[in-house]
Amino acid sequence: MNSLFVDQISPHAQRLLSLLPSIMPYERTRRLFERWFPASDPHEAYLTQMRLEVFWQNPKHLKTCFIHSGVEHIDPHETYVISSIHFGQWGMYPASLNQQFGIRSQMVASGRNRTPNSRSDHFWYHHGQKPQVLSGYPVCYSTDSFYEQLGRLHEGRNLVVILDVREKGLMQRELRTEFCGGPYFLQRSAPLMARRAKVRILPYFGFYDSRAGKHRVRWFPPVTPQRDDRATLQSIVAMFEPLFAA
């Protein structure tokens with residue numbers, strides 16, 4: 001039997017599975033899914049577990065199942081472009097930061113990669129994007145104008161911009177960096193936005209520690225954007241590489 005990707009099942013089945021957090025904790029459910037729907041490799045196992053845990057995006061889970069370090073680098077009175085790579089529960093980490101420490105942010109979700117009326121779109125919209133209000137604000141979208149995004153930063157809202165989400169029609173805006181011994185292509189949106197708004201970038205990186213049954217989230221010192229967006233991106237992924245490689 002193959003892994004069960006919960007974003008590929010019917011909306012009705014998704015609604016039934018969304019009741020699981022009220023019945024049992026995530027770690028127990030994860031182990032049951034591993035037994036019932038064994039993955040063919042570690043990458044498939046990660047994708048299965050990452051999607052499943054989205055149902056547990058509630059205040060209790062975000063307060064008890066995430067261990068944050070480096071929070072002392074964050075000034076709650078400063079505005080940031082908060083950035084990470086598309087790994088772990090990247091969307092939950094800023095929400096957990098708000099639930100535990102009261103540091104609010106607004107997720108910039110992809111507006112170009114949606115496939116209306118698909119099972120995947122239903123899953124990510126209803127179970128992944130709507131709960132992002134737990135970060136402090138409802139999601140906004142990458143299809144909003146650049147000036148709207150800058151306006152949010154000028155209002156004092158921290159914006160969460162993921163570095164490596166490839167959006168339809170924007171491949172030409174990627175910049176090449178080096179990561180874990182090979183080329184790694186990243187969107188220039190975060191450094192460009194930070195530079196134009198005259199704010200710093202707050203990098204973070206997280207992963208699920210199966211031994212602890214919790215996520216570990218590392219917050220790094222804020223980065224002042226350079227004039228060269230590629231150099232800014234390279235300095236950020238250089239922070240992530242030791243943790244990612246380990």
Side-chain angles (χ1 to χ4, degrees), residues 42-43 46 50 62 65-101 103-110 132 135-136 142 149 153 157-167 173-212 214-246:
H43 182 248
Y46 154 68
M50 181 270 290
L62 295 172
C65 295
F66 293 74
I67 302 171
H68 295 266
S69 62
V71 179
E72 66 274 9
H73 298 306
I74 306 174
D75 181 350
H77 303 294
E78 183 175 351
T79 303
Y80 302 103
V81 172
I82 302 177
S83 294
S84 188
I85 57 176
H86 200 210
F87 184 78
Q89 286 293 0
W90 51 271
M92 286 188 177
Y93 299 145
S96 176
L97 182 72
N98 181 46
Q99 293 299 310
Q100 291 191 34
F101 300 96
I103 299 173
R104 306 171 73 194
S105 60
Q106 184 170 29
M107 175 68 66
V108 181
S110 172
Q132 284 297 333
S135 298
S142 58
Q149 309 290 16
L153 290 167
R157 294 190 189 186
N158 299 312
L159 286 187
V160 182
V161 182
I162 302 303
L163 300 174
D164 61 345
V165 176
R166 284 187 159 178
E167 294 201 71
R173 296 189 183 181
E174 291 184 342
L175 299 175
R176 173 176 172 153
T177 62
E178 298 300 319
F179 186 60
C180 291
Y184 193 42
F185 294 91
L186 302 176
Q187 295 285 342
R188 68 179 301 200
S189 305
L192 178 63
M193 200 176 294
R195 187 157 48 81
R196 294 286 178 85
K198 297 182 179 180
V199 300
R200 295 194 291 174
I201 301 170
L202 179 65
Y204 70 98
F205 181 87
F207 62 94
Y208 185 75
D209 183 346
S210 59
R211 291 172 297 180
K214 296 184 178 183
H215 288 267
R216 298 190 182 275
V217 190
R218 173 79 177 275
W219 297 89
F220 295 90
V223 173
T224 300
Q226 304 177 42
R227 293 184 65 182
D228 183 349
D229 293 333
R230 180 181 286 102
T232 302
L233 291 170
Q234 186 62 63
S235 70
I236 293 172
V237 294
M239 296 178 180
F240 299 157
E241 187 165 359
L243 276 177
F244 188 87

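Just so you know, residue 1 is the first one in the sequence shown, and it goes up from there.
You'll find the side chain of Arg200 reaches within 4.5 Å of the side chain of Thr224, heavy atoms only. The closest side-chain heavy-atom distance from Ser105 to Asn98 is not below 4.5 Å. Arg188 is not listed as a side-chain neighbour of Glu174, based on a closest heavy-atom distance of 4.5 Å or more. Counting heavy atoms from C-beta outward, Met193 and Val108 have side chains that stay 4.5 Å or more apart. Here the side chains of Leu97 and Ile74 are in contact, with some heavy-atom distance below 4.5 Å. Looking at Tyr46 and Tyr208, their side chains never come closer than 4.5 Å, going by heavy atoms from C-beta outward. The side-chain heavy atoms of Ser69 and Arg216, taken from C-beta on, include no pair separated by under 4.5 Å.
Here the straight-line distance linking atom CD of Glu78 with atom CG of Asn158 works out to 9.0 Å at 0.5 Å rounding. Considering CG of Leu233 and CG of Asp228, their distance stands at 9.0 Å, rounded to 0.5 Å. Atoms CG and CD, on Leu175 and Gln234 in that order, are 11.0 Å from each other to the nearest 0.5 Å. Atom CZ of Arg157 sits about 11.5 Å away from atom OG1 of Thr79, to the nearest 0.5 Å. Distance CD/Gln100 to CG/Leu62: 8.0 Å, rounded to 0.5 Å. For the atom pair CD (Glu241) and CZ (Phe205), the distance works out to 10.5 Å, reported to the nearest 0.5 Å.
Here the side chain of Gln106 pairs no donor or acceptor atom with the backbone of Gly136 at under 3.5 angstrom. In this structure, Tyr80 contributes its side chain and Val160 its backbone to no donor-acceptor pair below 3.5 Å. Side-chain atoms of Gln226 do not come within 3.5 Å of backbone N or O of Ser235 as any donor-acceptor pair.
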Show me the donor-acceptor pairs within less than 3.5 Å that the side chains of residues 81-88 make with the rest of the protein, sequence neighbours left out.
from, atom 1, to, atom 2, distance (Å)
Ser83, OG, Val161, O, 3.1
Ser84, OG, Tyr204, O, 2.6
His86, NE2, Trp90, NE1, 3.4

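Scanning both residues, Arg230 and Thr177, for their nearest heavy atoms gives O-CG2, 4.3 Å. Nearest heavy-atom pair across Gly91 and Pro94 is O-CD, 3.6 Å. Across Pro203 and Pro222, no two heavy atoms sit closer than the pair CD-CA, 4.3 Å.
Relative orientation of the His68 and Phe66 rings is parallel, given thresholds of 30° and 60° on the angle between their planes.
Remark: aromatic rings of Phe220 and Phe240 are close, center separation under 6.0 Å.
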Original post:
Given the rule in the side chain to side chain contact (heavy atoms under 4.5 Å, CB included) test, do Val223 and Met239 qualify, once you have shown the distances and angles that lead to the verdict?
Top reply: CA-CA 11 Å; Val223 173; Met239 296 178 180; 3.4 Å; yes
